[in-house]
Amino acid sequence: MRYVSTRGQAPVLDFEQAMLSGLARDGGLYLPETVPAFSGIEDLDGLPYEEVAFRVIRPFTGDSFSDADLRGAIERAYGRIEHSAKAPLNQLAPGHHLLELFHGPTLAFKDFAMQLIAQLFQIALKRSGQRITIVGATSGDTGSAAIEAFRGIDNVDVFIMFPHGRVSEVQRRQMTTPDAANVHALAVTGHFDDCQARLKDLFNDHDFRDGVGLAGVNSINWARVVAQIVYYFTAAASLGMRPTDFCVPTGNFGDIFAGSVARAMGVPIRRLIVATNQNDILHRALTGGEYRVGEVHPTISPSMDIQVSSNFERALYWAYGGDGSAIAQLMDELRTGGGFAISQGARHALQEQYLSGRVGEDETLAMIRTVREETGQILCPHSAVGVAVARQHVEPGVPMVTLATAHPAKFPDAVEKAVGIRPALPPHMAGLFDLPERVTRVDNDIEALKSLILERRAH
Ligand SMILES: *Cc1c(COP(=O)(O)O)cnc(C)c1O
């Protein structure tokens with residue numbers, strides 16, 4: 001399997017190389033040259049999650065990992081998810097299902113990808129003897145998942161930037177309490193888009209990048225997208241592979257893009273629905289054709305408080321028929337002018353792939369209350385955004401699956417505001433509030449970050 005950059009100017013890589021590099025050297029994102037068709041889609045129902053994962057991921061990894069290595073990595077990764085189905089499908093109302101992706105060690109869907117790529121990184125680095133430095137930017141959940149997955153792994157130093165004061169206390173503590181020497185939580189003065197911009201600066205500084213062996217595990221890393229394709233297969237298999245709609249609470253467009261790959265592989269996904277909070281650049285782009293960065297508003301669903309949605313570049317690349325120079329030009333306009341207009345043809349292509357909706361704060365709180373009244377279940381605010389948008393689009397006779405992206409206990413303030421209850425942490429996380437925190441404050445400044453990383457990483 002060969003991987004090409006969305007901007008057409010970076011070397012073509014294999015799976016392992018694309019995974020270890022994260023961002024392409026031309027600033028683009030890696031995508032497989034062609035999406036493999038999946039055979040045997042009717043045979044998946046009733047198989048263990050790990051087996052489906054192996055069959056779905058195998059075509060993407062090519063010669064990078066042996067079957068035994070891939071199976072071992074999958075077993076170890078998903079052994080840490082505290083539900084035997086791993087991604088259980090739970091009926092919310094007739095025809096409307098919740099795909100629960102929050103039973104992993106950090107209580108958000110990010111564990112599905114991060115646990116797996118930590119295992120794959122370990123195999124690859126052991127083989128090559130290479131030492132790398134992972135730097136990540138997070139709006140909360142990616143960072144905690146990365147620190148949890150990579151803590152104590154040999155040959156890796158991990159630095160996670162999060163926006164100071166803009167993540168929930170549970171998210172912060174999940175990043176600041178692990179005591180492994182190879183993980184470092186950095187509280188950056190700024191918001192998530194600042195963290196993400198500094199991360200891109202580090203990658204685009206090729207001397208620094210090569211000097212520290214910089215690797216990225218943000219949702220732009222293709223290996224993460226691959227891991228997220230799997231649960232679209234398991235959910236569709238449980239529903240008998242009927243045409244099904246999926247609604248996905250969306251920020252950086254990774255989770256929903258995995259849905260379009262699943263569809264390209266043959267999963268009968270009828271409509272993919274992008275659900276956003278009031279930070280609605282994706283909803284505006286998909287409905288109006290203009291991708292224009294606005295101001296970031298802090299919301300009760302902070303993992304979606306994003307204006308620059310990185311993985312959208314992959315959807316654009318497909319919508320522009322694989323024209324890397326067109327994408328490079330759009331991204332240039334974005335950088336210099338804060339936005340761009342999507343061509344008529346690409347807009348149509350996107351509208352064939354995606355529907356969208358946005359909900360405000362009051363509606364999100366109201367949806368947490370409504371679902372609690374109707375089912376007794378308590379949703380996290382991100383999942384509530386998804387359910388609210390899904391309800392606007394449910395059609396009789398077509399199953400709707402909404403991705404439940406985090407556990408409500410990760411966002412207790414929002415949940416308490418909605419229903420007056422602070423959901424308890426699951427037993428495996430009960431000690432979180434008693435552990436000492438380790439965190440470094442850093443300015444939103446590339447030079448400050450570079451010297452911090454050089455000083456702290458192991459040599
Ligand atoms: C990361 C995250 C999202 C958004 O996912 P993307 O892949 O960035 O679109 C939604 N909900 C939660 C809880 C998250 O952690």
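Note that ligands are numbered from 1 as they come in the structure, with each ligand's atoms numbered from 1 the same way. Since we're looking at a predicted model, the values are computed, not measured.
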Short version for M304: what comes under 4.0 Å of ligand 1, heavy atoms counted, is side chain

- prompt: Are any of the N/O atoms in G254 less than 3.5 Å from those in ligand 1?
  reply: yes

Pair S64-E16, side-chain donor/acceptor within less than 3.5 Å: no

- Item | Geometric N/O contact T250 with ligand 1, under 3.5 angstrom | no

For this session: Check whether any heavy atom of S219 sits under 4.0 Å from an atom of ligand 1.
Result: no

If we number the atoms of ligand 1 from 1 as shown, the ones under 4.0 Å from a heavy atom of F253 are 6 (P), 8 (O), 9 (O)

Point to revise | H382 N/O under 3.5 Å from ligand 1 N/O | key: no

A student checking ligand 1 against D141 at a 4.0 Å heavy-atom cut-off should list atoms 12 (C), 13 (C), 14 (C), 15 (O)

*Other residues, nucleotides, ligands: >12 heavy atoms within 6.0 Å of E295 CD*: no

| Charged N to carboxylate O under 4.0 angstrom, R369 versus E373? | no

message: If you count every heavy atom of other residues, nucleotides or ligands that lies below 6.0 Å from E51 atom CD, does the total exceed 12?
response: yes

- Message: Is the ring pair F102/H407 parallel, tilted or perpendicular, if the boundaries are 30 and 60 degrees?
- Response: perpendicular

I'd like to know whether ligand 1 has F102 as a neighbour, heavy-atom separation below 4.0 Å. no

### Query
ligand 1 and N252, any nitrogen or oxygen pair closer than 3.5 angstrom?
yes

- Query: Would you call R7 and D26 a salt bridge, using N to O less than 4.0 angstrom?
  - Reply: no

Open item on the list: Tell me if the NZ atom of K417 is crowded by more than 12 foreign heavy atoms within 6.0 Å.
Closed with: no

Practice prompt. For R2, look at atom CZ and say whether over 12 heavy atoms of other residues, nucleotides or ligands are found less than 6.0 Å away.
Written response: no

For S303, the ligand 1 atoms with a heavy-atom partner under 4.0 Å come out as 2 (C), 12 (C), 14 (C), 15 (O)

shortest atom 7 (O) of ligand 1-to-protein heavy-atom contact is with D255 N, 2.9 Å

side-chain hydrogen bond (donor to acceptor under 3.5 Å, both in side chains) with E100: of Q377, K86, H83, only one passes, and it is Q377

Contact region, F109 to ligand 1, non-hydrogen atoms below 4.0 Å, reads side chain

For A406, the atoms of ligand 1 under 4.0 Å from one of its heavy atoms are 13 (C)

Counting from 1 in the order shown, the ligand 1 atoms closer than 4.0 Å to a non-hydrogen atom of P249 are 4 (C), 10 (C)

Atom 12 (C) of ligand 1: closest protein heavy atom, distance to 0.1 Å, is T405 OG1, 3.4 Å

Next on the checklist: Below the 3.5 angstrom mark, is there an N/O of G251, backbone or side chain, next to an N/O of ligand 1?
Outcome noted: yes

In this structure, atom 2 (C) of ligand 1 is nearest to the protein heavy atom K110 NZ, 2.4 Å

*Taking only Lys NZ, Arg NE, NH1 and NH2, and the carboxylate oxygens of Asp or Glu, determine whether R173 and E437 approach each other closer than 4.0 Å.*
yes

*asked:* For a side-chain contact (heavy atoms from CB on, under 4.5 Å) check, start with the C-alpha distance between V387 and R391, then their side-chain angles and the critical distance, and finish with the verdict.
replied: CA-CA 6 Å; V387 169; R391 282 170 110 122; 4.1 Å; yes

